[in-house]
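We number each residue from 1, following the sequence as shown. For the numbers below, each heavy atom of this structure counts, side chains included, while hydrogens, waters and symmetry mates do not.
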Amino acid sequence: MTLIRASMALAIPDRSKVLNGLETLVIGAGGGLLFLWAGLPGGLISGAMCTVAIAALAGRPLAVPPVLTQSVLLLLGISLGSLMSQQLLQHMSSYPLTIGLLALATFCSTFGSSLYLQRVHGWDQTSAFLAGSPGALSQITILAAEKGADVAAIAVVQTMRVIILTAALPLVLALTGVTHAAPPPLPTTVASPFGLTALVAGSIGVSLLLRWIKFPASWMFGAMLASSLLHGSGLVDGGLPPWLRNAALVGIGALIGTRFARMKTSTLLSHVNAGLGSFAIAILISAVFVAVIGFTTHVRLADVVVAFAPGAMDAMLALALTLHIDPIFVGAHHLSRFLFVTISTPGIIHLFGRPQDDVDD
């Protein structure tokens, strides 16, 4: 009887996690379909994200299980890699210039947002720098805990930036007509059973290899690399079934929305002005660099806008897929910024943040 009770005690949490995951996906799918029916750009992602975020703030224990998260990122990477073509590689000569400007834009927006949070909202230097740093949320959160920064406030500012960008960017691009200039088409044919098997097996293998060497966003970039190689070499023709690709878009939107699951409404409201203000500063600074690139290179403006948007890497790549934007260009730039933020932020905090003695006090 003791063993039975023990096994039941272990099974109950697993069952609750499964039910929470199913509830998350159902809410996300409903929101995605609603936004899609309304004809909103990027509706599957933004709809799933918004409805899951609202439900999470209302107190629902929403979450996406790790296995499902990895599956969604894998499918997203396969879909992105299936867009590989010579047409998408034509602007690679511009990458050194644009990636260099992206590093400078990241540095300027981080300091601009940080200065705003310190001067207007009275934040301490460490918390302000970490909140102003775009992307790499997991690394930023760990560093914030180590340095004694305000983790909750940082999480609110970072999450608001991702949510606003994911919801608003498709609308802005559509309303301004920026995405209308010769977008790369999504695959219209579905790969053969052999092709689908090769895509999944190759993506899992490359992803595990990248995970072993601790490459960032290994599941998504591993699948994207494997799919690109298989499609670019002509070994596989066609992509995932549309329903599976759409399920991945809903999944990534739901995953973003669950960031609010562990956040109290009072905490969100107390830092909403700081989040909106720092977001505005980051967008204005990024817009300056986007304008410079738009006037000095031949890269499509929509590609530059999504590549320079200070949002989460997985969310921006998902938008690149659904908005028919060059995934190679966007992926290279968001990966570069992720590495730049991960490497430089600890040094910036050491030089400009609170001394460790102050934290310990």
(message) Closer than 3.5 angstrom, by distance alone: can the side chain of Arg337 be matched with the main-chain N or O of Leu102 as a donor-acceptor pair?
(response) no

(request) Verify the cluster assignment for Ile164 and Val162: are they in a single hydrophobic cluster under the rule of side-chain heavy atoms below 4.5 Å apart? (result) yes

(request) State, with a plain yes or no, whether a side-chain heavy atom of Phe194 is found less than 4.5 Å away from one of Thr197. (result) no

(request) Mind running side chain to side chain contact (heavy atoms under 4.5 Å, CB included) on Val250 and Leu25 for me, showing each step along the way? (result) CA-CA 8 Å; Val250 169; Leu25 293 179; 5.6 Å; no

(message) Keeping Gln158 on the side-chain end and Ser133 on the backbone end, is there a donor-acceptor pair under 3.5 Å?
(response) yes

(message) Tell me whether Val26 shares a hydrophobic cluster with Phe35, the cluster being built from Ile, Leu, Val, Met, Phe, Trp, Tyr side chains joined at under 4.5 Å.
(response) no

(request) Show your working on side chain to side chain contact (heavy atoms under 4.5 Å, CB included) between Val304 and Thr98 and close with a plain yes or no. (result) CA-CA 9 Å; Val304 181; Thr98 54; 5.8 Å; no

(request) Using a 4.5 Å cut-off on heavy atoms from C-beta on, say whether the side chain of Pro241 contacts that of Leu196. (result) yes

(message) Please determine whether residues Leu115 and Val120 belong to a single hydrophobic cluster, defined as Ile, Leu, Val, Met, Phe, Trp and Tyr linked transitively by side-chain heavy-atom distances below 4.5 Å.
(response) no

(message) Within the 4.5 Å heavy-atom criterion, are Ser207 and Leu74 side-chain neighbours or not?
(response) yes

(message) How close do Ala302 and Ile325 get, counting heavy atoms only, and between which atoms?
(response) O-CD1, 3.9 Å

(request) Give the intermediate values and the outcome of side chain to side chain contact (heavy atoms under 4.5 Å, CB included) for residues Phe279 and Leu165. (result) CA-CA 9 Å; Phe279 171 79; Leu165 276 173; 3.7 Å; yes

(message) Between Leu301 and Val290, is there a side-chain heavy-atom distance shorter than 4.5 Å?
(response) yes

(request) Examine distances only and state if a side-chain atom of Ser203 and a backbone atom of Val200 form a donor-acceptor pair shorter than 3.5 Å. (result) no

(message) Distance check, rounded to the nearest 0.5 Å: Ser79 atom OG versus Met220 atom CE?
(response) 12.0 Å

(request) Flag the pair Leu321 / Leu76 as yes when at least one side-chain heavy-atom distance between them is below 4.5 Å, and no otherwise. (result) yes

(message) I'd like to know whether Leu268 forms a side chain to side chain contact (heavy atoms under 4.5 Å, CB included) with Met160, so could you lay out the CA-CA distance, the side-chain angles of the two residues, the decisive distance to 0.1 Å, and finally the verdict.
(response) CA-CA 9 Å; Leu268 174 63; Met160 284 186 63; 4.2 Å; yes

(request) Answer with yes or no whether the hydrophobic clustering places Leu36 together with Leu40; edges join I, L, V, M, F, W, Y residues whose side-chain heavy atoms lie under 4.5 Å apart. (result) no

(request) For Ile283 and Pro310, work out which heavy atoms get closest and say how close. (result) CD1-CD, 3.9 Å

(request) Write down the atom of Gly42, the atom of Leu323, and the distance for their closest heavy-atom approach. (result) N-CD2, 4.3 Å

(message) For a 4.5 angstrom cut-off between non-hydrogen side-chain atoms, does His231 reach Leu199?
(response) yes

(request) Would you check if the side chain of Ser227 reaches a backbone N or O of Ser82 as a donor-acceptor pair within less than 3.5 Å? (result) yes

(message) Counting C-beta onward and ignoring hydrogens, is there a side-chain heavy-atom pair between Asn246 and Leu249 closer than 4.5 Å?
(response) yes

(message) To the nearest 0.5 Å, what is the distance between CZ on Arg245 and CG on Leu44?
(response) 10.5 Å

(request) Supply the atom-to-atom distance Met224 CE to Leu335 CG, rounded to the nearest 0.5 angstrom. (result) 9.5 Å

(message) Are the side chains of Trp123 and Val157 in contact, using a 4.5 Å heavy-atom criterion?
(response) yes

(message) Once rounded to the nearest 0.5 Å, what's the spacing between atom CG of Leu62 and atom CD1 of Ile54?
(response) 11.5 Å

(message) With rounding to the nearest 0.5 angstrom, report the CG to CG distance, Leu255 to Leu68.
(response) 9.0 Å

(message) To the closest 0.5 Å, what do you measure between CG (Leu19) and OG1 (Thr24)?
(response) 10.5 Å

(request) Taking all non-hydrogen atoms of both residues into account, name the closest pair between Pro134 and Val341 and its distance. (result) O-CG2, 3.4 Å

(message) Using a 3.5 Å distance criterion without hydrogens, assess whether the side chain of Thr51 forms a donor-acceptor pair with backbone atoms of Ala48.
(response) yes

(request) Using the rule that two of Ile, Leu, Val, Met, Phe, Trp, Tyr join whenever any of their side-chain heavy atoms come within less than 4.5 Å, decide whether Ile163 and Leu276 are in one cluster. (result) yes

(message) Can you tell me which residue among Leu210, Leu209, Val206, Leu208 is in a side-chain contact (heavy atoms from CB on, under 4.5 Å) with Ser218?
(response) Leu210

(request) Could you tell me which non-hydrogen atom of Ala56 sits nearest to which non-hydrogen atom of Gly257, and how far apart they are? (result) CB-O, 4.3 Å

(message) Main chain of Ala282, side chain of Ser109: is a donor-acceptor contact present, judged purely on distance under 3.5 Å?
(response) no

(message) Looking at Ile154, is its backbone amide N or carbonyl O close enough to the side chain of His271 to form a donor-acceptor pair, meaning the two atoms are under 3.5 Å apart?
(response) no

(request) Please report the shortest heavy-atom distance between Tyr116 and Asn273, naming the atom on each side. (result) OH-O, 3.7 Å

(request) Report the C-alpha distance between His333 and Phe329 in whole Å, list the side-chain angles of each, state the deciding distance to 0.1 Å, and finish with yes or no for ring-ring contact (aromatic ring centres under 6.0 Å, His included). (result) CA-CA 6 Å; His333 285 73; Phe329 183 84; 4.0 Å; yes

